[in-house]
Amino acid sequence: MMPYKEMPKGFHDCIDRLKKACEYLCSEGLYPEDSYYVAPPATDEELASVEKLTGHKLPKYYGDFLKIANGYKFINAEIYNTSRVGQSDDKIPQGYFAAGWTKKGTYRLSISPADGEFYISNLHPSGTVCRELTLFINEMYDLLEQLEKEVKKHKWQKEQDAKSPEEQRKYFEAIIERIDRIHENCPVKTSKKPENVRECVERMRRANELLINDYGYGTYMTFGKPASVEEIAKYEERLGFQLPQDYREFIQLTGTVSINGGDEQIFGFEDMGANDDYTPDGYLALSYTAGMSERLAMSEEDGEICLFWDLDPDPYTFMDFLSMKMEQTEEIVSEEYEREEKKKMRADGISEEDESAAVKEIIVKKWQKFLEENKNKKNE
């Protein structure tokens, strides 16, 4: 979606930018010259003729648009002028008034005879018709975003073509080095598997601190009070068996871990067994996920742990579950970090196209290295 600061400021700005994008793309030979046109504004008489034809007042956004341009074609979309509204078209529902097409002709635009509103339908005559109240805001802005991306990409390619092979190589090598450095400096290592429960909890605490201190999260995780050895021993005596080793280690390190305002919880000693409808009989809940049937639970009979979905069991270990939640949290940190680094790259004049080309080169080199290593192994 187009960033807010790049959004056009109303219809006039959107149309002006669409015209410039189309003029550029056509002048560069990417589309035929007749791929776009913008008509003068509709007169009051022309607007009245459409209202008379449909028996309804013009939909607000459609009427506003016609007062700016009585018809337009911008490469991948066309809104008919008032004289063409209602022309024969077997790709719209019977009785509707044809008013244009969009998405390279894949969808038809029409006015409903029932309420005079704008609708969009697929090409199949019996296809679903759905109401689109913000047609001109959404469709035109989407089209503008698409065409301006094409312009940007084409200009970028021309700039690259103008450079010598040696200049291109040096430029992309510098970007590749920077991308590699970004990955190396990421404050979390999502690909590194934790060795034990303690490492899991420590990495979760670290990720939480980064989200709060570096990326402006108010609170992402909270950690409850750990259980004492005596409390655990008494509870195990009551159960008649020892808690699974990895879960016992967890509750000695922390109490309940509450994630994202409590939407997810990994139960510590204080909340173990806080069962609900998604915890089967004979089991003690060890987790909670809002809006989902996912529950980690432990058998009261022998301490076996399962991950339940809609009460269907899947044998699991507590360590696997904890690792999964840790990885999800670290992934959020990684995404925030990369987002900030991308902002810095843009500020330094490295475009999305530059970055994409460099990443592609990194992938190709890694793939070639992989093939070479496997070739050597076969020869051995």
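All of these numbers come straight from a predicted model, not from anything done at the bench.
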Determine whether the aromatic ring centres of [X] and [Y] lie less than 6.0 Å apart.
{"X": "Tyr36", "Y": "Tyr31", "answer": "no"}
{"X": "Tyr215", "Y": "Tyr217", "answer": "no"}
{"X": "Tyr235", "Y": "Phe269", "answer": "yes"}
{"X": "Phe308", "Y": "Tyr283", "answer": "yes"}

Backbone of Met324 reached by a side-chain donor or acceptor of Glu327 within 3.5 Å: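 Such a contact is absent between Glu327 side chain and Met324 backbone.
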
Same hydrophobic cluster for Ile111 and Leu53, using side-chain heavy-atom links shorter than 4.5 Å among ILVMFWY?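 As far as the 4.5 Å side-chain criterion goes, Leu53 and Ile111 are connected within one cluster.
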
Does Glu199 come within less than 4.0 Å of Arg203, counting only side-chain N to carboxylate O?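 Result for this pair is yes, salt bridge flagged.
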
With rounding to the nearest 0.5 angstrom, report the [atom1] to [atom2] distance, [X] to [Y].
{"X": "Leu211", "Y": "Asn208", "atom1": "CG", "atom2": "CG", "value": "6.5 Å"}
{"X": "Cys306", "Y": "Glu304", "atom1": "SG", "atom2": "CD", "value": "4.0 Å"}
{"X": "Glu270", "Y": "Thr256", "atom1": "CD", "atom2": "OG1", "value": "3.5 Å"}

Strictly by modelled atom types, are Trp156 and Asp354 linked by a side-chain donor-acceptor pair under 3.5 Å?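 Note: Trp156 and Asp354 side chains meet the donor-acceptor criterion.
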
What's the verdict on salt bridge (Lys or Arg N to Asp or Glu O under 4.0 Å) for Glu330 and Lys189, showing C-alpha distance, side-chain angles and the deciding distance? CA-CA 8 Å; Glu330 287 191 335; Lys189 307 300 179 187; over 6 Å; no

Lys19 to Phe74, cation-pi by 6.0 Å centre distance and 45° axis angle: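 Ring-cation test returns no.
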
Check step by step if side chain to side chain donor-acceptor pair (under 3.5 Å) holds for Gln146 and Asp142. CA-CA 6 Å; Gln146 173 204 330; Asp142 285 350; over 6 Å; no

Ring-plane angle category for Phe318 and Phe321, please: parallel below 30°, perpendicular beyond 60°, tilted otherwise.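 Taking Phe321 first and then Phe318, their aromatic rings sit tilted (interplane angle of 30° to 60°).
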
